[in-house]
Amino acid sequence: MVETTYDDCWLRYDRVEETLRAAYRERLSHAYVSEGAPELGAVRAELRRGLEGMLGREPHLWQHPPRSVDSFLVIGHPEEMRPISETIDPEEAWDLADGGFLLRTVEWEGQECTVLTASSDRGLVYGTFHLLRLVATGEPIDDLDVCEEPANANRIVNHWDNPFRRSVERGYAGQSIFDWERLPDLRERYFDYARLLASVGIDGIVPNNVNTGIPPRSTANDAVAERAGWQLLKRENLEKLEALASVFRRYGIRTYLSINYAAPIRLGGLDTADPHDPEVQQWWQDKVDEIYEIVPDFGGFLVKADSEGQPGPYDYDRSHAEGANVLGEAFEGHDGRVWWRAFVYSEHDDRAVQAYEAFAHLDGEFHEKVTVQIKNGPIDFQQREPVSTLFGAMPETDLGCELQITGEYTGQGVHPTSHVPMWKEVLGFDTHADGEGTPVKDVLTERDGQGIAGVGIVGEDPNWTGNYLLQSNLYGFGRLCWNPDLSTEEITDEWVRQTFGHDEAVVDAVSEILLDSWQACIDYHTGGIGLMHMMYNGEKTLENHYDPAPWEWPEYHGATADGIGVDRTTDGSGYAAQYREPLTDFYDDPETCPEELLLFFHHLPWEYELEDGTTVIQRLYDDLYAGAAAVDELRERWLALEGQVDERRHRHVAERFDEHALQAKRWRDTLCEYFYEKSEIPDEHGRVPAG
Ligand code: GCV
């Protein structure tokens with residue numbers, strides 16, 4: 001099959017500087033690598049590819065320790081090969097968490113060895129990518145003593161790809177890469193995607209959309225209905241899934257499926273999907289057993305139930321716990337689980353309070369094979385949201401955090417908004433679940449059934465992510481799942497060096513663009529003090545979420561003649577009261593509530609004075625102007641790189657910056673004019689046209 005050429009992203013493996021090359025060649029030209037598991041085939045292939053690219057020659061791969069050289073690389077399990085068993089305490093290696101690895105420089109029988117060992121095959125894959133990253137970022141490898149374990153036990157990408165149709169909900173990088181029509185035929189691109197994911201430690205993939213009813217059941221066209229996501233549970237499609245799983249398995253990644261809660265009816269011919277019905281229970285049990293016959297390392301189900309038109313347990317007056325547990329039980333005895341999303345809302349005065357109301361009281365009632373997957377904030381992946389109250393409310397439940405890698409509300413593949421600083425803020429947020437010092441990142445890492453999921457970003461575009469700079473979000477997602485303590489600066493620097501090389505002027509400029517992009521995005525989309533969800537929705541079939549339209553959803557910003565913001569205090573919608581103390585008090589009081597979230601929690605007069613003496617309305621004007629000006633500045637920084645970044649990537653990003661700068665001004669002008677219309681208070685600096 002003919003493939004379009006596509007980008008290598010951060011796995012470019014460009015030749016390292018000559019001054020460093022000799023030292024790396026000394027250590028890595030000879031490698032003695034274990035054989036057997038498919039992952040070790042991936043390890044050898046990656047070493048060949050990476051070292052050929054970076055050092056100009058493939059390593060010599062040995063079947064035994066090479067005796068004629070001073071130094072070599074050895075990769076295998078503890079006790080498996082003499083240079084490992086005679087230098088590394090096996091307990092130290094066997095005790096590593098799944099995916100963890102040791103990378104150490106040792107002396108063995110007069111030779112210097114770089115030893116990579118791990119308790120699992122996927123650990124050897126991660127360790128190999130880690131070593132290659134050290135070379136790609138120019139780090140020394142002469143005296144290594146690295147011990148790494150993933151902080152989060154599960155690190156999963158959730159694709160919102162509609163199988164067969166190959167459209168991607170909230171995807172801005174072209175069609176879905178998954179070609180279900182042609183599976184089990186495999187595409188080279190699957191392997192390269194698996195490499196990208198494994199290189200940053202991702203260990204799970206859900207290849208289909210949580211909206212499994214697209215196209216909807218009501219369609220008159222049966223041939224079209226045949227192509228809906230819920231059909232993937234059919235045996236012939238499970239065989240296709242296994243083909244896909246065989247690729248990802250090679251890189252230590254497990255494959256999952258989004259399922260439809262009404263599958264017992266739609267596929268099983270039953271007249272109910274009531275979780276209390278024994279026939280329904282049996283149907284799920286048989287289906288899960290069948291999946292494991294076909295996909296032996298199946299990861300589990302992802303479920304969107306009773307949300308935005310998807311069926312669920314509420315159809316039978318059952319709770320989310322009752323709904324999820326019938327699935328959890330079906331996974332007993334299998335090494336997989338159910339990721340049950342808490343993204344639910346309905347007609348209600350304040351959507352923010354709803355997930356908590358539906359889930360918090362069910363703490364402790366979920367089956368041990370169920371993880372409750374919570375979006376980072378209570379609304380929907382906005383430019384900035386407070387952190388969901390649920391993270392502090394369900395200590396007896398396995399919780400997962402859902403982040404969005406794709407940029408539904410942050411510029412949709414056009415604006416290069418880095419999500420890494422936003423995710424750092426979320427993961428570092430102190431829930432006070434177990435007293436002060438219980439950040440979200442700790443809540444997620446207490447048990448093996450927990451972790452982080454990210455809504456996918458890639459598509460068929462040659463650059464994968466719709467914008468070369470947005471590859472950094474996929475990279476950063478994986479790196480943060482692996483180690484939430486890495487700083488935004490470290491992650492950004494790693495990504496830039498691997499993607500654009502080591503020219504310091506380029507590294508600085510690209511890093512600064514990414515580091516400043518999130519604040520700019522918040523400012524021109526929201527005015528910086530806690531407003532959100534002011535975008536255009538559009539026709540039901542083509543929801544836009546890109547253009548400004550503050551008049552469409554007035555309940556989200558609460559602008560009236562007397563003021564702006566939504567009262568979500570204890571006396572208002574009660575959202576603030578869902579936090580643990582002292583957070584409730586902190587958010588309830590406009591004097592202590594952080595300014596960046598002020599109007600999320602409070603409805604305040606337009607002329608309410610902020611800490612620096614500016615009024616609310618003036619701050620909104622100022623921040624909207626500052627955001628649009630910041631985008632001009634980011635664009636200038638990028639344009640100045642002409643000639644220093646290859647023409648293809650430079651032009652591509654520059655074109656998107658042209659659109660970005662215009663769009664930021666559209667947001668600024670639309671919101672300023674709207675706020676002026678409501679408040680009738682002019683901008684002190686005369687920038688906002690009066691009427
Ligand atoms: C997959 C938002 C998005 C929908 C998405 C939904 C969800 O409403 O706009 O496209 O559907 O979230 O997370 O389920």
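When a ligand or atom number is given, it counts from 1 through the structure's own listing order. In this text, all values refer to a predicted model and were calculated from it rather than measured experimentally. Along the sequence shown, residues carry numbers from 1.
- With a heavy-atom cut-off of 4.0 Å, Asp380 touches ligand 1 through its side chain alone.
- For Phe359 and His320, the distance between ring centers is under 6.0 angstrom.
- Shown in contact with Phe343 at under 4.0 Å from a heavy atom are these atoms of ligand 1, numbered in order with element: 6 (C), 7 (C), 8 (O), 12 (O), 13 (O), 14 (O).
- The N/O atoms of Asn209, backbone and side chain alike, include none that comes under 3.5 Å of an N/O atom in ligand 1.
- In this structure, of Glu308, Lys375, Gln310, the residue bringing a heavy atom nearest to atom 13 (O) of ligand 1 is Lys375.
- By the 30° and 60° cut-offs, the orientation of the rings of Phe164 relative to Trp180 is tilted.
- For Asn467 (side chain) and Val653 (main-chain N/O), no donor-acceptor pair under 3.5 Å exists by modelled atom type.
- Judged as a ring pair (Phe, Tyr, Trp, His ring centres under 6.0 Å), the pairs with a partner in residues 378-422 (not counting sequence neighbours) are, in order, Tyr409-His545, His415-Tyr524, His415-Tyr546, His415-His660, His419-Trp423.
- In this comparison of Glu408, Arg341, Glu402, the heavy atom closest to atom 3 (C) of ligand 1 sits on Glu408.
- Of the N or O atoms in Trp160, none lie within a sub-3.5 Å distance of an N or O in ligand 1.
- His557 and Met534 make their closest contact through CD2-CG, 3.9 Å (heavy atoms, listed as atom of the first residue, atom of the second, distance).
- Listed by number with element, the atoms of ligand 1 under 4.0 angstrom from any heavy atom of Glu169 are 1 (C), 4 (C), 5 (C), 10 (O), 11 (O).
- Not counting sequence neighbours, Lys369 has no partner by the salt bridge (charged side-chain N to carboxylate O under 4.0 Å, His left out) test.
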